[in-house]
Number of protein chains: 2
Amino acid sequence: MAAVTVDLVLLTIRRGALQVLLVRRGIEPFLGQWALPGGFVHDDEDLDVAAARELREETGVDPTAGHFEQLATYGTPGRDPRGRVVTVAYLALLPDLPAPVAGSDAAHAEWRPADDPGLAFDHDRILADGVERARAKLEYSPLATAFCPPEFTVAELRGVYETVWRTRLDPRNFHRKVTTAEGFVEPTGHSVTRDRGRPAQLFRRGPATLLHPPLLRP
Amino acid sequence: MAAVTVDLVLLTIRRGALQVLLVRRGIEPFLGQWALPGGFVHDDEDLDVAAARELREETGVDPTAGHFEQLATYGTPGRDPRGRVVTVAYLALLPDLPAPVAGSDAAHAEWRPADDPGLAFDHDRILADGVERARAKLEYSPLATAFCPPEFTVAELRGVYETVWRTRLDPRNFHRKVTTAEGFVEPTGHSVTRDRGRPAQLFRRGPATLLHPPLLRP
DNA sequence: ACAAAAGTGTTCCTTCTACACCCATGC
DNA sequence: GCATGGGTGTAGAAGGAACACTTTTGT
């Protein structure tokens with residue numbers, strides 16, 4: 001027998017950086033350290049449901065806003081000094097939320113850079129696995145749109161790839177690739193001026209779930 | 001609190017078909033039905049270690065012979081009528097073993113076609129997830145070699161792809177692709193005549209862990 | 001000799017890459 | 001006007017698909 005928890009790797013892009021939602025621990029062990037949000041799975045509750053509930057409780061976010069999937073399960077004996085705890089980690093990719101941590105349980109939740117180590121428990125490793133999963137998934141799936149608001153420009157979508165992959169992509173080739181890939185994005189017909197320069201068309205997510213051919217990391 | 005188990009999706013290729021190792025249940029519930037092998041995680045045991053131990057116990061196989069990874073975790077309330085059981089599923093890709101189920105706990109373990117439904121618990125779904133993971137991984141990793149013995153021919157490796165993907169691949173283009181992809185396979189210098197026809201060179205796995213560019217499903 | 005499987009060469013076509021160039025706006 | 005970002009065209013390189021053809025064995 002073991003306690004079963006869910007931990008959440010909530011990723012978003014804020015101020016041009018990949019960020020993760022962390023909470024500051026208010027009790028021992030690891031008092032005062034940053035940790036992934038999470039909590040116990042209820043007796044009559046499915047794992048996905050528990051993760052979605054925690055997401056709502058910790059962030060006030062609708063889980064359907066972005067993308068949500070099981071990441072992996074961690075159960076090394078001793079990973080929690082209080083006893084045997086097996087945690088099922090979930091990964092969510094979310095748009096930069098207008099009211100990020102509103103009405104939250106954890107009043108001390110905060111978006112932090114995703115590459116800072118020093119988290120409680122084995123959360124450094126869980127976070128690293130989540131970031132790596134996100135990097136890989138952008139190649140074969142249209143999930144980059146999960147980081148964007150419902151309507152977005154091609155430049156904003158390119159910014160997602162550049163931030164997550166830590167590379168620069170050619171704006172011209174990226175535009176062609178994304179707009180010609182079947183079902184990746186759909187034009188809304190509207191356009192908007194973000195900075196200076198020519199107004200950009202707005203797009204929304206398309207129906208595709210896979211990218212054929214993929215968009216490979218340089 | 002919940003009971004934590006590991007379940008194993010052990011895949012191999014036998015007689016030209018993708019097969020999975022199943023055990024016939026000797027106790028209720030699901031008495032007499034086929035199920036994935038598995039068992040309880042010990043109190044002081046890591047999840048990976050428990051899975052590797054079950055693999056040895058059920059099959060007598062060295063886990064390093066093929067490939068081994070965590071698949072996903074399943075914890076729907078009621079998936080086991082005896083109580084709350086959360087199971088961490090592992091996926092292994094194994095060569096066709098000379099002595100498949102020797103010295104095994106489960107004397108009734110047997111290789112069965114991987115596409116037959118009717119398993120106990122939610123094992124149909126776990127198996128389907130494992131097969132889909134295997135299909136996807138062959139595209140961008142060199143893991144097809146995990147289904148092969150230490151030395152193998154290009155035709156045997158092609159047979160792995162054809163069986164797992166349920167397609168035909170052009171032998172000539174496949175040969176070129178595999179032998180020129182950096183680190184996928186290495187020539188041993190030996191050759192062997194399998195059927196009729198010109199003898200084939202033997203290869204062993206190369207050091208690569210990713211395929212660049214990938215080998216996409218047709 | 002013939003069948004069968006292994007392996008090479010070649011041609012065509014799609015996709016990637018790099019970059020020249022035009023477009024539409026704010027200032 | 002000019003700077004700035006949005007978007008199109010195009011030439012060359014790289015990789016994939018189709019298939020003719022040669023090599024090396026068993027029978």
Side-chain angles (χ1 to χ4, degrees), chain A residues 16 138-142 144 148 151-163 165 167-204 208 210-218, chain B residues 16 138-142 144 148 151-163 165 167-204 208 210-218:
Chain A
L138 293 203
E139 296 195 287
Y140 303 95
S141 77
C148 297
E151 302 204 345
F152 51 86
T153 67
V154 173
E156 286 163 353
L157 186 60
R158 176 164 50 82
V160 170
Y161 278 92
E162 293 184 335
T163 301
W165 284 352
T167 34
R168 295 277 117 190
L169 299 174
D170 185 296
R172 286 107 18 131
N173 293 334
F174 183 84
H175 185 280
R176 190 186 354 251
K177 173 80 186 170
V178 157
T179 52
T180 60
E182 195 68 26
F184 193 173
V185 297
E186 289 176 343
T188 63
H190 309 132
S191 61
V192 72
T193 304
R194 291 296 195 212
D195 280 319
R196 292 161 286 287
R198 173 173 166 179
Q201 288 176 255
L202 284 171
F203 294 85
R204 60 175 150 262
L210 254 78
L211 244 47
H212 268 297
L215 188 51
L216 298 173
R217 271 178 273 194
Chain B
L138 293 203
E139 293 197 288
Y140 50 90
S141 77
C148 296
E151 302 205 344
F152 52 86
T153 67
V154 173
E156 286 162 354
L157 186 60
R158 177 165 49 83
V160 169
Y161 278 92
E162 293 184 334
T163 301
W165 284 351
T167 36
R168 295 277 117 189
L169 299 174
D170 185 296
R172 289 123 350 149
N173 292 334
F174 183 84
H175 185 278
R176 191 188 351 255
K177 174 81 186 170
V178 157
T179 51
T180 60
E182 194 69 25
F184 193 174
V185 297
E186 290 176 341
T188 63
H190 310 132
S191 61
V192 71
T193 304
R194 291 296 194 210
D195 282 319
R196 291 162 287 287
R198 174 172 166 179
Q201 287 176 255
L202 284 169
F203 294 85
R204 59 175 151 260
L210 256 77
L211 242 47
H212 269 296
L215 189 51
L216 298 173
R217 272 180 271 194

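Remember, it's a predicted structure, so these values are computed and weren't measured experimentally. Throughout, protein chains are lettered first and strands after them, A, B, ... in sequence-line order, and every chain is numbered starting at 1.
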Rounded to the Å, how far apart are [X] [atom1] and [N] [atom2]?
X	N	atom1	atom2	answer
A:L202	D:dG7	CG	C1'	15 Å
B:L157	C:dG7	CG	P	12 Å
A:F174	D:dT8	CZ	P	14 Å

Check: A:Y161 side chain, A:A144 main-chain N or O, donor-acceptor pair, under 3.5 Å | no
Identify whether any heavy atom of B:R196 sits under 4.0 Å from a base atom; if not, whether one sits that close to sugar-phosphate; answer base, sugar-phosphate or nothing.
-> sugar-phosphate
If only side-chain N and O atoms of [X] are considered, is one of them under 4.0 Å from the OP1 or OP2 phosphate oxygen of [N]?
X	N	answer
B:H175	C:dA6	no
A:Q201	D:dG7	yes
B:K177	D:dG16	yes

Quick one: list whatever passes side-chain hydrogen bond (donor to acceptor under 3.5 Å, both in side chains) with B:R198, sequence neighbours left out.
-> none
Contacts of A:R204 meeting side-chain hydrogen bond (donor to acceptor under 3.5 Å, both in side chains) (sequence neighbours excluded), chain-then-number -> none
Within residues 178-193 of chain A, find the residues that approach DNA chain D with a heavy atom at under 4.0 Å, and present them sorted by residue number.
-> none
From the list D:dG6, C:dA6, C:dT25, which nucleotide is the closest neighbour of the side chain of A:P199?
->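 So the side chain of A:P199 is nearest to C:dT25.
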State, yes or no, whether a side-chain contact exists between B:K177 and B:P213 at a heavy-atom distance under 4.5 Å.
-> yes
Minimum heavy-atom distance between A:W165 and A:L215, given as atom pair plus value = CH2-O, 3.1 Å
Kindly give the heavy-atom pair with the smallest separation between A:L157 and A:C148, and that separation in Å.
->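 Scanning both residues, the minimum pair turns out to be CD1-SG, 4.1 Å.
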List, with names and distances, any nitrogen or oxygen atoms from the protein found under 3.5 Å away from nitrogen or oxygen atoms belonging to nucleotides 19-21 of chain C.
{"unit_1": "C:dA20", "atom_1": "N6", "unit_2": "A:R172", "atom_2": "NH1", "d": "3.4"}

side-chain contact (heavy atoms from CB on, under 4.5 Å) partners for B:S141, two or more places apart =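 Per chain and number, B:S141 pairs via side-chain contact (heavy atoms from CB on, under 4.5 Å) with B:K137, B:L143.
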Examine the base of C:dA6 for any acceptor or donor lying under 3.5 Å from a partner atom in the side chain of B:R198, and report the outcome as yes or no.
->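 Under the 3.5 Å cut-off, the side chain and the base do form a donor-acceptor pair.
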Mind listing the residues from residues 211-218 of chain B sitting with a heavy atom below 4.0 Å of DNA chain C? Number order is fine.
-> none
